[in-house]
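Heads up: numbering here begins at 1 and tracks the sequence. Being a predicted model, the structure only gives us computed values, none of them experimental.
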Amino acid sequence: MNATPATTKTETETEPRTDGETETAATAEAASTPGGAPAETAPGAAPETPDATDTEDRLEPEDEVDAEAAPARAGFGAGAAAVVAGALGAVSLSGTWMGKTLSERATLIGQIKTSQSGTAAQQIQEIYGNSWHTTALVNGVFALLALIVGAVVLARPAFGTPGRAEQPVWVKAVALAGVVLGVVGLLISAGMYLDLFAALPSTKG
């Protein structure tokens, strides 16, 4: 009997692929091939979203600018207020145009009241005393404003945002000078108004 020769398979039998597997394999081959076109996104795959850290990195320069500008604005306002306090304190000691005008008005009113009939004591009080007291009152108001503004500037950092940069030294110095001048001006104005430094002239011999 003749033996039937066995047949050998020279080619590997492959199973048929589905459409999804075919597209996936093609994408992988294109990505692995040097110089190949960029791989396309597979159907149904979620699009890539920018990383949160990248967004924060892009926003960081603007945030830094705002953080640097806020202390500058606060320091500018505090410096201006300190200068105002110092100026008010100095004016309360030297006198103001407003105080002079009101003093002259009080003198004129006193002359009108005592022009027809009035004793010497009434004329002194109406003409000179009221004018003196008006000047002292106006100077006292300016001294009080200097004291309030300077105290607010010095106390502002205690009620501000924690961690904020401290006020410049010159701002504290000018504000403190305004407070001191305000206190001195208040004392002088009170002494003038109460006739502690110089009493009104007397008609008695």
Please name the pair of heavy atoms, one in Y193 and one in A136, separated by the smallest distance, quoted to 0.1 Å. N-CB, 3.7 Å

Which other residues belong to the hydrophobic cluster containing V169, where Ile, Leu, Val, Met, Phe, Trp and Tyr are joined when side-chain heavy atoms lie under 4.5 Å apart, directly or via other members? none

Separation of L196 CG from L187 CG (nearest 0.5 Å): 10.5 Å

Do the side chain of S189 and the main chain of L186 share a donor and acceptor less than 3.5 angstrom apart? no

Tell me, do D195 and W132 make a side-chain contact under 4.5 Å, heavy atoms counted? yes

Quick one: do Q123 and K113 satisfy side chain to side chain contact (heavy atoms under 4.5 Å, CB included)? Show the steps, please. CA-CA 9 Å; Q123 291 179 354; K113 288 182 178 180; over 6 Å; no

Ignoring hydrogens, what is the shortest heavy-atom contact between A82 and A175? Give both atom names and the distance. CB-N, 3.8 Å

Enter the distance from F142:CZ to L147:CG here, rounded to the nearest 0.5 Å. 15.0 Å

Side chain to side chain contact (heavy atoms under 4.5 Å, CB included) between R105 and K100: does it pass, once the steps are laid out? CA-CA 9 Å; R105 180 177 182 274; K100 183 179 180 180; over 6 Å; no

Step by step, would you call E126 with I109 a side chain to side chain contact (heavy atoms under 4.5 Å, CB included)? CA-CA 8 Å; E126 294 293 335; I109 293 174; 5.7 Å; no

Between V179, L176, V171, which is the residue that forms a side-chain contact (heavy atoms from CB on, under 4.5 Å) with V153? V171

When rounded to the nearest 0.5 angstrom, what is the spacing between CZ in F197 and CD1 in I188? 6.0 Å

Donor-acceptor pair, side chain of Q167 and main chain of L154, under 3.5 angstrom: no

Linked, directly or transitively: L93 and M192 (ILVMFWY side chains, under 4.5 Å): yes

Closest approach of T114 to G110 (non-hydrogen atoms, all atoms of both residues): OG1-O, 2.8 Å

Treating Ile, Leu, Val, Met, Phe, Trp and Tyr as nodes and any side-chain heavy-atom pair under 4.5 angstrom as an edge, say whether V138 and L145 lie in one connected cluster. yes

Please check if V152 and V83 belong to a single hydrophobic cluster, counting links between Ile, Leu, Val, Met, Phe, Trp and Tyr side chain heavy atoms closer than 4.5 Å. no

Verify, without hydrogens or angle tests, whether T96 (side chain) and S92 (backbone) share a donor-acceptor contact under 3.5 angstrom. no

Does any donor atom in the side chain of T134 or S103 lie under 3.5 Å from an acceptor atom in the other side chain? no

List the steps, then state whether side chain to side chain contact (heavy atoms under 4.5 Å, CB included) holds for I127 with Q122. CA-CA 8 Å; I127 296 175; Q122 290 177 347; over 6 Å; no

Might you point out which heavy atoms bring A146 and L88 nearest each other, and give the distance in Å? CB-CB, 3.5 Å

V183 with L144, same ILVMFWY side-chain cluster at under 4.5 Å: yes

If you group Ile, Leu, Val, Met, Phe, Trp and Tyr by side-chain heavy-atom gaps below 4.5 Å, do V84 and M98 land in one group? yes

Can you name the nearest heavy-atom pair linking A85 to V149, along with the distance? CB-CG1, 3.8 Å

